[in-house]
Every structure is written in C-alpha cells, then in structure tokens.
A.B. asks: 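Just passing along the structure, written as structure tokens.
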There are 2 protein chains.
Amino acid sequence: MSLTDRRKIPEATVARLPIYLRSLHEEEQAGGGTISSERLAELAGVNAAKVRKDLSYLGSYGTRGVGYDIEYLIFQMSRQLGLTQDWPVVIVGVGNLGQALANYGAFGERGFPIVGLCDADPLVIGTHVQGVLVRSIDDLPDIAEERALSIGIIATPAHAAQSVADRLVAAGVSSILNFAPTMIAVPEEVSLRKVDLAIELQILSFYQQRKAGGPPVIGAVG
Amino acid sequence: MSLTDRRKIPEATVARLPIYLRSLHEEEQAGGGTISSERLAELAGVNAAKVRKDLSYLGSYGTRGVGYDIEYLIFQMSRQLGLTQDWPVVIVGVGNLGQALANYGAFGERGFPIVGLCDADPLVIGTHVQGVLVRSIDDLPDIAEERALSIGIIATPAHAAQSVADRLVAAGVSSILNFAPTMIAVPEEVSLRKVDLAIELQILSFYQQRKAGGPPVIGAVG
DNA sequence: CGTTGTGAAGATTTTCACAGCG
DNA sequence: CGCTGTGAAAATCTTCACAACG
C-alpha cells in the first residue's frame with residue numbers, strides 16, 4: 001500500500017482503531033519500543049489476526065520478525081484518525097448528562113475542546129460549566145461561526161433531539177453524537193453515532209435472562 | 001417456531017430489539033393497534049426486510065396482509081428481553097459520570113433500579129445520591145446479598161476498573177457495563193458491554209477528516 | 001390485495017494458515 | 001527463526017425477492 005492510498009477502511013476496523021491507539025499509548029508509557037500483534041491484541045481485547053488485518057489497512061508499518069514500532073504506529077494511527085488537529089465540540093442540553101460530559105475533562109485533553117454549551121432553559125442559560133458559558137440554543141449559528149465547530153453532542157430529552165439535530169446541521173455541524181433515547185434523521189453527508197444507556201442495559205438483560213434459563217414460557221403449566 | 005423454541009438469536013438482532021421495543025412504545029402511545037414492518041423500520045431507522053427477519057427470530061407474531069399487533073409484540077419482546085422482571089443495578093464510582101447516571105431516573109422506571117452506589121473516596125462515602133447511600137466498595141458483597149444484585153456499572157477512572165470488575169464478579173454480578181476507558185477481562189460466563197465516550201468522538205473524527213479530504217499525506221511536497 | 005416469513009443471494013467481517021521477509 | 005501481511009475459507013449479517021397466507 002502506498003502512502004497516498006485512500007482505499008476504504010472497513011467500518012468495523014475504524015471502530016477498533018481508537019482502542020488500538022489507547023492500548024499503544026499504555027504500552028508506550030510502560031516503555032516498550034516495539035509491540036507484536038499478539039501483545040496489542042491482548043491489550044485491546046481482540047485476537048492477533050484481527051489486529052494484523054486491521055493494521056494492514058493503514059499500511060505496512062510493521063517489521064517481520066520484530067513487530068510494530070510503537071511511536072511510529074501511534075503517529076500513523078493518529079494521522080488516520082484525524083487526531084493531529086482539534087475538533088471543537090458543542091454540547092446541547094446541559095442537564096445531568098450534559099453537565100457530566102462537560103465536566104469530564106478528558107475530552108479537551110484528547111483534542112475535542114468544548115467550545116459551546118447550549119440549553120433551552122432560561123434558568124440554565126447564563127450559567128457557566130467548566131468555565132464555558134451556557135448560551136441559548138438560538139445562538140448555535142453564532143457559536144459555529146466564532147469557533148470552527150465540527151461536532152455536536154445531543155444530551156437533551158428525546159422529544160427535543162430531532163429539532164436540535166436539525167439546528168446543528170443547519171449551523172454546519174457535520175458529525176453528531178446522540179445521547180437522547182430516540183432515533184434522529186440527518187442528511188447522508190452527516191456522520192451520526194448514538195449512545196443509549198438504557199439500551200445497553202436491556203441488551204445485558206437479555207443475556208442475563210438466558211443465563212437464568214430463558215424467558216418464561218407462556219404456555220407452561222404451573 | 002414453537003413457543004418453547006430457544007434457537008439462538010443473532011447478536012446483531014439482540015442489539016436491535018430494544019430499539020424496536022422503544023419504537024413500539026412510541027407507536028402505541030400514538031394509538032395504533034397494529035404496525036407494519038415498513039412503519040416499524042421507519043421508526044427504528046433500519047429497513048423493513050431487517051425488521052421482518054429480526055422479528056422472525058422471536059416467533060411468527062405477525063398477520064399477513066395486516067401487520068403486527070403492537071401490544072402483543074411489546075409483550076413478546078419484553079419477555080424475550082427479560083424486562084418482565086427487575087434487574088437491580090449497582091453503580092461503582094460516584095464521580096461526575098456515576099452521579100449523572102444515578103440521577104438519570106430513566107433507569108429505575110425501566111426496570112433497572114439502582115440499589116447500590118459504591119466509591120473508594122471516604123469523602124463521598126456516607127453521602128446520598130437520589131436517596132441512595134454511597135457505601136464503601138468493600139461493602140459490595142453485602143449489597144449483593146441484601147438485594148438480588150445482577151448488573152454492575154463501572155464508572156471509575158481507568159486504573160481502578162479491572163479491580164472493580166474482579167470485585168463485582170466475586171460478589172456474584174454476572175453482567176457488567178463498563179464506562180471506564182480501558183479494557184477489562186471477565187470470566188466467559190459474565191456478560192460485558194462497554195461505552196467509551198472518547199472513542200465515539202474519535203470515530204467521528206475519522207469520518208470528519210475524510211470529508212475534509214483525508215489524512216495529511218506525509219510525503220507530500222508543500 | 002397487502003404484508004408477513006423466509007430461503008437464497010450478496011456483502012461484510014472474522015478467522016485460518018502460511019508464504020514472505022527481516 | 002519469528003512475526004507480519006494477506007489470500008482464501010468460514011462465519012455472520014444484510015438484502016432481495018417471492019411464495020404463502022390472512
């Protein structure tokens with residue numbers, strides 16, 4: 001693969017790259033200069049064949065018989081993931097979750113500075129969270145213009161989510177992370193990911209129940 | 001498919017069932033008695049063929065030419081998902097995120113009552129969040145015994161996560177939802193799901209960058 | 001008719017297994 | 001010799017397309 005190769009990286013692989021990157025940072029801390037696919041697989045919680053296949057989409061950055069140079073792999077992976085630049089984030093909805101996210105300092109450190117907070121509640125507008133002023137959601141276009149806004153986080157109740165998504169898109173935001181427990185529609189060119197806590201628990205519930213013998217059989221005689 | 005059929009439901013399908021269930025509740029609110037796969041697909045954000053295939057794993061609960069009876073489908077799906085009973089939850093780590101989760105009332109309402117909060121910090125232990133006492137993490141076995149604890153949520157910093165997971169497993173918890181930004185290992189019989197906010201942002205970053213023309217080409221002449 | 005349920009085809013993802021290379 | 005990189009096989013997931021049936 002050449003340096004300029006823009007061949008499509010499978011979605012499943014893209015979703016694992018950040019996990020590899022985190023593992024590489026851990027291993028770098030621990031001091032190693034190179035790492036084998038076996039070791040990286042262990043840290044990332046996958047198998048070695050998958051690691052090698054995934055990394056091969058980035059290019060041939062390993063050395064046979066030796067492994068991968070950690071520092072160089074971190075560099076290449078960061079570049080591919082677009083982490084060599086900052087991506088300013090706005091959080092819409094400053095309730096429990098929105099505040100927790102705003103207070104969760106790790107975002108800014110990792111290249112996702114929170115440059116805006118929006119809410120609809122007049123009681124919340126005007127307050128500060130982590131030094132960031134909470135503004136009206138009507139100010140979204142202004143915020144987008146002032147800062148090079150690229151990512152929007154929706155942390156509102158479900159009923160407001162679609163309207164917020166529309167406003168984000170109108171303001172030029174082209175990546176959205178949705179925490180509201182509802183489906184939202186966006187234009188094709190906008191990236192959308194969702195995190196739904198209740199759904200994660202329900203998935204666990206399914207498997208938990210299977211362990212306990214499966215769902216109650218409705219026709220059972222008892 | 002018979003009522004007692006325990007054929008394996010694909011993981012991908014299981015992960016979508018809660019989304020269908022939410023859509024069904026919405027539609028029930030809106031009043032309809034039956035729903036077509038087409039309409040359910042629209043609400044859930046997938047296509048109709050997938051809906052029909054997914055539902056077929058639960059059984060033949062539709063009526064050709066008519067659709068699915070909403071109430072009955074909700075009943076069957078809830079049963080399969082294990083939502084006809086409560087699954088008590090403990091949250092370990094009462095920092096920003098842990099508190100936000102504890103305050104996020106939707107869990108209890110949806111059958112996942114928070115029966116315990118644990119932390120390692122003596123300053124936090126003894127306080128209450130949403131009426132629940134924060135106890136020492138050493139009390140985990142007691143909490144598990146007092147209440148029929150089944151699900152553990154890890155909301156600690158990364159360095160503490162593995163140790164917390166071990167303690168949860170030791171206390172008999174067999175489903176874990178991990179918010180700590182690190183991989184944790186659990187025995188095979190324990191279900192594990194993870195939510196990592198930073199990773200979601202990095203995945204968005206990847207696609208955001210592609211929109212902007214792809215990663216900087218390191219060999220480029222400028 | 002209209003919509004489900006489902007084999008079969010197609011696409012994607014994972015895993016295997018080994019040639020290739022340092 | 002050891003470990004990567006990768007074709008090929010296997011598994012999983014999605015979509016098609018239509019017979020079956022109320």
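In what follows, chains are A, B, ... by sequence order, proteins preceding strands, each numbered from 1.
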A.B. asks: Distance-only check: which donor-acceptor pairs under 3.5 Å involve side-chain atoms of residues 83-99 of chain A, not counting sequence neighbours?
C.D. replies:
residue: A:W87; atom: NE1; partner: A:G82; partner atom: O; Å: 2.7
residue: A:W87; atom: NE1; partner: B:S205; partner atom: OG; Å: 2.9
residue: A:Q99; atom: NE2; partner: A:V94; partner atom: O; Å: 3.4

A.B. asks: May I have all residue pairs that pass salt bridge (charged side-chain N to carboxylate O under 4.0 Å, His left out) and include part of residues 174-184 of chain B, sequence neighbours excluded?
C.D. replies: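 Not a single pair qualifies under salt bridge (charged side-chain N to carboxylate O under 4.0 Å, His left out).
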A.B. asks: Quick one: is D:dG2 close enough that its OP1 or OP2 comes under 4.0 Å of any side-chain N or O from A:Y68?
C.D. replies: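 For D:dG2, OP1/OP2 do not have a side-chain N/O of A:Y68 under 4.0 Å.
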A.B. asks: Could you check, using the six-membered ring where one of them is a Trp, whether A:Y61 and A:Y72 have ring centers closer than 6.0 angstrom?
C.D. replies: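 When the ring centroids of A:Y61 and A:Y72 are compared, they turn out to be within the sub-6.0 Å range.
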A.B. asks: Just the rounded figure in Å: distance from P of D:dG7 to OH of A:Y57.
C.D. replies: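 Value for this atom pair: 10 Å.
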A.B. asks: Looking at the side chain of A:A12, which of C:dT14, C:dG5, D:dG5 is the nearest nucleotide?
C.D. replies: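 Among the listed nucleotides, the one closest to the side chain of A:A12 is C:dT14.
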A.B. asks: For every nucleotide of nucleotides 15-22 of chain D, 5' to 3': is a protein heavy atom under 4.0 Å from its base (B), only from its sugar-phosphate (S), or from neither (-)?
C.D. replies: BBB-BBBB
A.B. asks: Once you apply a heavy-atom cut-off of 4.0 Å, does A:R39 come out as touching a base, just sugar-phosphate, or nothing?
C.D. replies: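 Nothing, no heavy atom under 4.0 Å.
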A.B. asks: Taking for each residue the nucleotide of DNA chain C with the nearest heavy atom, is it A:R16 or B:L55 whose nucleotide lies nearer the 5' end?
C.D. replies: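 Going by which nucleotide is closer to the 5' end, it is B:L55.
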A.B. asks: At less than 4.0 Å, is any side-chain N or O atom of B:S37 found next to OP1 or OP2 of C:dT4? Yes or no.
C.D. replies: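 Yes, such a contact exists.
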A.B. asks: In residues 14-24 of chain B, what donor-acceptor pairs under 3.5 Å come from side-chain atoms, sequence neighbours left out?
C.D. replies:
residue: B:R16; atom: NE; partner: B:D54; partner atom: OD2; Å: 2.7
residue: B:R16; atom: NH2; partner: B:D54; partner atom: OD1; Å: 3.1
residue: B:R16; atom: NH2; partner: B:D54; partner atom: OD2; Å: 3.2
residue: B:Y20; atom: OH; partner: B:D54; partner atom: OD2; Å: 2.5
residue: B:R22; atom: NE; partner: A:P181; partner atom: O; Å: 3.3
residue: B:R22; atom: NH1; partner: A:P181; partner atom: O; Å: 3.3
residue: B:R22; atom: NH1; partner: A:D196; partner atom: OD2; Å: 2.4
residue: B:S23; atom: OG; partner: B:I19; partner atom: O; Å: 2.9

A.B. asks: B:D69 CG to C:dT4 P: how many Å, rounded?
C.D. replies: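 Computing the B:D69:CG to C:dT4:P distance gives 13 Å.
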A.B. asks: Take the protein atom CD of B:E38 and the nucleotide atom P of C:dT4, then report the distance between them rounded to whole Å.
C.D. replies: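 Taking CD of B:E38 and P of C:dT4, I get 8 Å after rounding.
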A.B. asks: Do any pairs count as a salt bridge (charged side-chain N to carboxylate O under 4.0 Å, His left out) and have a residue in residues 156-174 of chain A, sequence neighbours left out, and if so which ones?
C.D. replies: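 Output for this query lists A:D138-A:R167.
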A.B. asks: Once you round it to whole Å, what is the distance between P of D:dT14 and CG of B:D54?
C.D. replies: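 That distance rounds to 7 Å.
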A.B. asks: Applying salt bridge (charged side-chain N to carboxylate O under 4.0 Å, His left out) as the test, list every pair that has at least one member in residues 37-48 of chain A; sequence neighbours left out.
C.D. replies: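 Output for this query lists A:E27-A:R39, A:R39-A:E42.
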